[in-house]
Number of protein chains: 2
Amino acid sequence: MGNRCENCIVRQLNSLKVLGKEELKAISDHKITRKFKKGESLFSEGEKLNGIFCVRSGVTKLSKISENGKGQIVKIASKGEMIGQRSIISEEQTNLSAVALDDMEVCFIPKEHIMKNLSSNVEFTKTLLKHMANDLKHADTLIVNMAQKTVKQRVAETLSYLDTNFERDLDGFIGVILTREDIANLVGTAKEACIRTLTSLRKDNIISTQGKRIKIEDKKALYNIIQGI
Amino acid sequence: MGNRCENCIVRQLNSLKVLGKEELKAISDHKITRKFKKGESLFSEGEKLNGIFCVRSGVTKLSKISENGKGQIVKIASKGEMIGQRSIISEEQTNLSAVALDDMEVCFIPKEHIMKNLSSNVEFTKTLLKHMANDLKHADTLIVNMAQKTVKQRVAETLSYLDTNFERDLDGFIGVILTREDIANLVGTAKEACIRTLTSLRKDNIISTQGKRIKIEDKKALYNIIQGI
DNA sequence: CGGTGAATTGATCGCCTTCAACCCTTGTGG
DNA sequence: CCACAAGGGTTGAAGGCGATCAATTCACCG
């Protein structure tokens, strides 16, 4: 392995950054680095996790399947984000599934080492708490959007979210590559409705596309759509 | 006044239960007991809170107003629940509004005393974390429901939620009294659609109503509706 | 170059929103 | 005590948005 958490850059991005030298060393000694190919599942809804994942590279979607078989993507996680924390903290099975959208490299940190810090390092617990408070705020906003906004507004909102929260590639396209179906699952609509909306946005020169890649051309117009103007 | 946190029963229901004698005393000495009449606002979206509220009696709705002016109720909080924690933890303005649905009695605990325990008592922080993890799970489920279920399913789900999570009155009616509009805002639909659904449930003898009060008559049938059977 | 899966477009149907009218309850002032 | 406003509840009808099914094109991969 050789990769030490102490030297890992992604650590700067998440709750692990508040850990002390000794604590990090303990984690680093027990972590397992794993690779997932595009489309592979990190874990599935209802599974019992034995630890949490820290994303080193690549992107994953966290989704939930409802009775009718359709999936709803609740969050996209990329470099530096930790996933699985919620179920470890609640000490229950996961309520979400995670699937790699890219080839990914993740570090698996066994539960015990998280729990230990959870009980001994207030700063760590506090940081986790803040992260979760933020996730919750985001979730609340999403609930309102789902309930009250049109598909067009939600598509616009989703594109804006992807554009601002994930790195863009050299040509200015959104860096996360999603199928139209994934976008639909993120928006919470049918694939066709999502496609039709993208087509109309393209016609109005608000976005441009190239295969699956999407680039936002007119950010202002996009905001107006989100606001329902 | 005169009421000491140490002796307060509602404390058993929330995160404060893990605090030690001294810590509780400090909080009790600085808390302010306030009353709100039905319809009064505890705080509004965007406001900066200086502490958190602990509900002693009564019920409150936590909602969010979207640009189009319609409200979405995200959570109903009753005896023993603490509200405002999220924004205190994130150290930012609230993302929700709280309005009393009943006459209420709440204790206001100044921020400093929460923050102090957050930094010194890991157990307290951990308990808060667990509560928030639970809220987050609940929110994720709600997102999926909003996105994928019909109004009828959501109404059924909401009724089931209210019935199981809040005390029933002597006649077996759901103890929380909501206007039809509030229920609609909880379900995420228009008032009329909500009413029509309730009417149809009444016709099928799945629920009965008496003024605003609602009683669930056939729990099994309700579950079937939720499942989409 | 065929084949497989994704993207796109068309057409239909039904749920839900919206507007409008009316009823019912509650509370308030004369 | 009554009348009347005021707000919530209920029902009707019209119209649109989005889901669904079907057919076609497109892109990529062996």
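Computed from a prediction, not measured in an experiment: that's the story for all the values here. Side chains are part of it too, since the values below use all heavy atoms of this structure and drop only hydrogens, waters and symmetry mates.
- Heavy atoms only, all atoms of each residue included: Leu49(A) and Ser87(A) are closest at CD1-OG, 3.8 Å.
- Between Gly211(A) and Lys149(A), it is Lys149(A) whose nearest contact on DNA chain D lies nearer the 5' terminus.
- For Val151(B), whose side chain is taken as the heavy atoms from C-beta onward, the closest listed nucleotide among dC16(C), dA22(D), dT11(D) is dC16(C).
- Between dT11(D) and Lys191(B), no contact under 4.0 Å exists linking OP1 or OP2 to a side-chain N or O.
- Distances were taken from every side-chain heavy atom of Thr189(B) (C-beta onward) to each of dT8(C), dT11(D), dT17(C); the shortest belongs to dT17(C).
- The closest donor-acceptor contact from the side chain of Glu45(A) to the backbone of Ile65(A) lies under 3.5 Å.
- Distances from the side chain of Glu192(B) to the nucleotides dG9(D), dG12(D), dA19(D) place dG12(D) closest.
- Listed nucleotides dT17(C), dA22(D), dG8(D) differ in distance to Lys212(B); the shortest reach to its side chain belongs to dG8(D).
- Rounded to a whole Å, the CD atom of Glu181(B) is 14 Å from the C1' atom of dT10(D).
- Side-chain contact between Val59(A) and Ile76(A) is present, with heavy atoms from C-beta onward closer than 4.5 Å.
- For the OP1/OP2 pair of dT9(C) and a distance below 4.0 Å, the side-chain nitrogens and oxygens of Thr199(A) include at least one atom meeting the criterion.
- Taking 4.0 angstrom as the limit, Arg196(A) places none of its side-chain polar atoms (N or O) nearer than this to OP1 or OP2 of dG18(D).
- Distance CG (Leu198(A)) to C1' (dG18(D)): 15 Å, rounded to an integer number of Å.
- Atom CD in Gln148(A) sits about 17 Å away from atom C1' in dG18(D), given to the nearest Å.
- Protein atom CG of Leu201(B) is 13 Å distant from nucleotide atom P of dT10(D), rounded to whole Å.
- One can place CD1 of Ile177(A) at 15 Å from C1' of dA27(D), the figure rounded to the nearest angstrom.
- One atom, CD1 of Ile195(B), and another, P of dC19(C), lie 16 Å apart when rounded to the nearest Å.
- Rounded to whole Å, the distance from CD on Gln153(B) to C1' on dC16(C) is 14 Å.
- Taking side-chain N and O atoms only, Arg202(B) has a distance below 4.0 Å to OP1 or OP2 of dT10(D).
- Using a 4.0 Å heavy-atom cutoff across all strands shown, Lys152(A) reaches no nucleic acid atom at all.
- Counting heavy atoms from C-beta outward, Leu101(B) and Asp182(B) have side chains that approach closer than 4.5 Å.
- Spacing between atom NZ of Lys38(A) and atom P of dC29(D) amounts to 8 Å, rounded to whole angstrom units.
- Interatomic distance, CD of Glu81(B) versus CG of Asp135(B), reported as 7.5 Å (0.5 Å rounding).
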